[in-house]
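Here's the structure, in structure tokens; my notes come after.
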Amino acid sequence: MFNLSLTRHERWVALILLALAGAWLLPAMQQPAEYHDFADRRTFLGIANAGDVLSNAAFALVGLYGFFQLQRARRSLGPAVRASLRVFFAGLVLTALGSAYYHLEPTNATLVLDRLPMTIAFAGVFGAVVAERVSTRGGFAALAVMLAVGLASVVYWKYTDNLTPYAAVQFGGMAGVVILLVTTPRGAEALPWWGLIAWYALSKLLETGDTVIWHASSAAVAGHLLKHLAAAMAGLVIAHALRRPAPAALPDRAGDGAQVAAGKESR
């Protein structure tokens, strides 16, 4: 028989996932019409909005670099961490394609192809953190649920114009990662998740300051281009960490780290 009992930390993960799924019950929020009004409209080599289009190459390069490092197998990774990282790096490569397509002609219709791969990347991050910090079983479950909820949130927004579930997946998912990093012992893989979060937070600030940065730089560079580069750096810190073996795990902080570590492979 399968052991369906949950550890204390797995119950935390289940609660986070239930909260994200419950976003469908929150008040509806529409996509602001001005969202598509980006500051840098310059054309280069016949490419419209070239800065925002071409900067997406950073996502593709980081995603491919991540796959390369996974293939080299310099770092021992659990099966759920490895699977989640594959999803994460695939999401980055697909984001490069979807976001470039969107920025050629920014509309709600093209934005769908930008957001779908982003939810794939979010799911990979969440699954990897859960697998590293909680359990292999929890990691696989979190990856599957986040993929389903994330993709469904974009499809739901497309047909209802209700952005709330997607916003919950993006910001609630990252909040869930922070909660897990604070409340669980560091895993054996010890990937630099705080670095990823710092770069991701910076990318959101740069996105908000798109026009301000454009004017402050005398129309040399816009915030959205820098947002792409900062978000790609969030992936790079994880990909680059795979070049070397994992450091030793820290002493158990939460009281059951030894039990979780010992039970990872059995789940």
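Position 1 is the first residue of the sequence; numbering continues from there.
- With a 4.5 Å cut-off on side-chain heavy atoms, Leu181 and Arg133 count as touching.
- Atoms CD and CE, on Gln170 and Met118 in that order, are 5.0 Å from each other to the nearest 0.5 Å.
- Put simply, Met174 and Phe89 are part of the same group of oily side chains (I, L, V, M, F, W, Y) that touch within less than 4.5 Å, one to the next.
- Here the side chains of Met146 and Val169 are in contact, with some heavy-atom distance below 4.5 Å.
- Gln31 and Tyr166 form no side-chain donor-acceptor contact under 3.5 Å, judged by distance and modelled atom types alone.
- For Ser135 (side chain) and Ala131 (main-chain N/O), no donor-acceptor pair under 3.5 Å exists by modelled atom type.
- Legend: salt bridge (Lys or Arg N to Asp or Glu O under 4.0 Å) pairs involving residues 213-238, not counting sequence neighbours, sorted by first then second residue: Glu207-Lys227.
- Using a distance-only test at 3.5 Å, with no hydrogens or angles considered, a donor-acceptor pair links the side chain of Asn56 to the main chain of Val53.
- Note: the hydrophobic cluster containing Val178 does not contain Leu205 (ILVMFWY, side chain heavy atoms under 4.5 Å, direct or indirect links).
- Thr211 places no side-chain N or O within donor-acceptor distance of the main-chain N or O of Ala39, the cut-off being under 3.5 Å.
- Expressed to the nearest 0.5 Å, how far CD1 of Ile47 lies from CG of Asp52 amounts to 12.0 Å.
- Hydrophobic clustering keeps Leu104 apart from Leu225 (ILVMFWY residues linked when any side-chain heavy atoms are closer than 4.5 Å, directly or through intermediates).
- A pairwise comparison of heavy atoms in Val125 and Trp193 identifies CG1-CZ3, 4.1 Å as the closest pair.
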_side-chain contact (heavy atoms from CB on, under 4.5 Å) evaluation trace for Leu242 with Leu77_ = CA-CA 9 Å; Leu242 299 175; Leu77 299 170; 4.0 Å; yes
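- Using a 4.5 Å cut-off on side-chain heavy atoms (C-beta onward), His228 and Met233 make no contact.
- The only option from Ile120, Leu61, Val62 that meets the side-chain contact (heavy atoms from CB on, under 4.5 Å) definition with Leu92 turns out to be Val62.
- The side-chain contact (heavy atoms from CB on, under 4.5 Å) with Arg115 is formed by just one residue from the set Leu151, Leu163, Thr95; it is Leu163.
- The minimum heavy-atom distance between Ser99 and Asp114, with the atom names listed, is CB-OD1, 3.4 Å.
- Rounding to the nearest 0.5 Å places CZ of Phe88 at 11.0 Å from OG of Ser84.
- Heavy-atom minimum distance, Phe59 versus Ala96: CB-CB, 3.8 Å.
- Put simply, NE2 on His103 and CG on Leu54 are 11.5 Å apart, with the number rounded to the nearest 0.5 Å.
- Residues Asn162 and Tyr156 have side chains in contact (heavy-atom distance under 4.5 Å, counting atoms from C-beta outward).
- When all heavy atoms of Arg75 and Ala241 are compared, the pair lying nearest together is NH2-O, 2.8 Å.
- Taking the side chain as every heavy atom from C-beta outward, Val129 and Thr184 never approach each other to under 4.5 Å.
- In this structure a side-chain-to-backbone donor-acceptor pair under 3.5 Å is present from Thr164 to Met29.
- Proximity of Val149 to Thr119: side-chain heavy atoms (C-beta onward) are nowhere separated by under 4.5 Å.
- Residues Leu143 and Phe126 fail the side-chain proximity criterion, which asks for heavy atoms closer than 4.5 Å.
- Proximity of a side-chain donor or acceptor of Asp210 to a complementary backbone N or O of Ala222 within less than 3.5 Å is not detected.
- Between Asn49 and Asp40, the shortest heavy-atom distance links the atoms OD1-O, 4.0 Å.
- Atom NZ of Lys158 is separated from atom CG of Leu111 by 10.5 Å, given to the nearest 0.5 angstrom.
- Ala50 and Thr43 get closest at one heavy-atom pair: CB-C, 4.5 Å.
- By the side-chain hydrogen bond (donor to acceptor under 3.5 Å, both in side chains) test, His240 is found to be paired with Tyr65, Arg243, residues two or more places apart in sequence or in another chain being considered.
- Trp194 and Val134 end up in the same hydrophobic cluster when Ile, Leu, Val, Met, Phe, Trp and Tyr side chains are linked at under 4.5 Å.
- To the nearest 0.5 angstrom, Leu85 atom CG is 6.0 Å from Leu191 atom CG.
- For Arg82 (side chain) and Leu70 (main-chain N/O), a donor-acceptor pair under 3.5 Å exists by modelled atom type.
- Within the 4.5 Å cutoff, side-chain heavy atoms of Pro106 are placed close to those of Phe38.
- Side chains of His36 and Asn108: a donor-acceptor N/O pair is present below 3.5 angstrom, by distance only.
- Tested against Tyr102, the residues Val112, Leu113, Thr110 include a single side-chain contact (heavy atoms from CB on, under 4.5 Å) partner, Thr110.
- Taking hydrophobic clusters as Ile, Leu, Val, Met, Phe, Trp and Tyr residues chained together by side-chain heavy-atom distances below 4.5 Å, Tyr35 does not share a cluster with Trp214.
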